[in-house]
Asker: 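Encoded as structure tokens, here's the structure I'll be asking about.
Bear in mind the structure is a predicted one, so any value in this text is a computation, not a measurement.
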Amino acid sequence: GDSVTQTEGQVALSEEDFLTIHCNYSASGYPALFWYVQYPGEGPQFLFRASRDKEKGSSRGFEATYDKGTTSFHLRKASVQESDSAVYYCALGTGGYKVVFGSGTRLLVSP
Amino acid sequence: EAAVTQSPRNKVTVTGGNVTLSCRQTNSHNYMYWYRQDTGHGLRLIHYSYGAGNLQIGDVPDGYKATRTTQEDFFLLLELASPSQTSLYFCASSDARDSQNTLYFGAGTRLSVL
């Protein structure tokens, strides 16, 4: 079935470091790909999405590019801040209104 | 402001107890969802609905019932709660006109089954 793999369970960085969180997916066709962010005590929030090959999604300095060849949608940010500390979820939508989430990556940014 | 509101925010029950988790959305969305969140598993879909009176089975439905009474209200029922159902539960909604299906989540209900 459809699935999303996030290889890093936790990432620890210092402010102004470059961030990469890896996301790979398995699905047929062209699923929509999403990144959600979850701050402590809150529900996940939509960050951005992409729906076709080579499309770049971005928001709040974060970005990811849909790559059908490598089935990836890696999250990147050039310079992280302490306020970016949160859990990040990659997800895919395959139509039929079902969304599948990865296991999440906890980002810890120290000042 | 449009929102997804869950109640209660915290709930403690005993094994074999009955629990009802409530969700109301004011987004005027057609679709509503119940997910559970567990460390190492991320978010897993329990049930979802595309309108009042409709129910669709998700990926981890065992031990859960759900009912959608109106477009706004979606309930998750645990009739014989077990410790394995201790988790953080999230309700979400989405707009049927959004073909990519962006989800909007509530703040969650933390359930402990002793």
Asker: Taking side chain as everything from C-beta outward and backbone as N, CA, C, O, which of these in Gln37(B) sits under 4.5 Å from a heavy atom of chain A? Side chain, backbone, both or neither.
Answerer: side chain

Asker: Tabulate, in ascending numerical order, the residues of residues 47-74 of chain A having at least one heavy atom closer than 4.5 Å to a heavy atom of chain B, or enter 'none'.
Answerer: Arg49(A), Ser51(A)

Asker: Lys77(A): what forms a salt bridge (Lys or Arg N to Asp or Glu O under 4.0 Å) with it, not counting sequence neighbours?
Answerer: Asp84(A)

Asker: What residues of residues 7-41 of chain A sit under 4.5 Å from chain B when only non-hydrogen atoms are counted?
Answerer: Ala32(A), Phe34(A), Tyr36(A), Gln38(A), Gly41(A)

Asker: Inspect the surroundings of CZ in Arg106(A) and state if more than 12 heavy atoms from other residues, nucleotides or ligands are less than 6.0 Å away.
Answerer: no

Asker: If every non-hydrogen atom of Gly40(B) is compared with every non-hydrogen atom of Ser103(A), which pair is closest and at what distance?
Answerer: O-CB, 3.8 Å

Asker: Would a line drawn from the ring center of Tyr35(B) to the ring center of Phe101(A) be shorter than 6.0 Å?
Answerer: yes

Asker: Out of curiosity, Phe46(A) CZ to Leu103(B) CG, how far, rounded to the nearest 0.5 Å?
Answerer: 10.0 Å

Asker: Pair Asn101(B), Val99(A) - check side chain to side chain contact (heavy atoms under 4.5 Å, CB included), show working.
Answerer: CA-CA 8 Å; Asn101(B) 202 30; Val99(A) 178; 3.4 Å; yes

Asker: Test side chain to side chain contact (heavy atoms under 4.5 Å, CB included) on Lys98(A) and Asp59(B) and set out the steps.
Answerer: CA-CA 10 Å; Lys98(A) 184 175 176 180; Asp59(B) 297 321; 2.6 Å; yes

Asker: Around Ile57(B), counting heavy atoms of other residues, nucleotides and ligands shown, do more than 12 lie under 6.0 Å from its CD1?
Answerer: no

Asker: Taking only heavy atoms into account, what residues of residues 65-92 of chain B are found under 4.5 Å from chain A?
Answerer: Phe90(B)

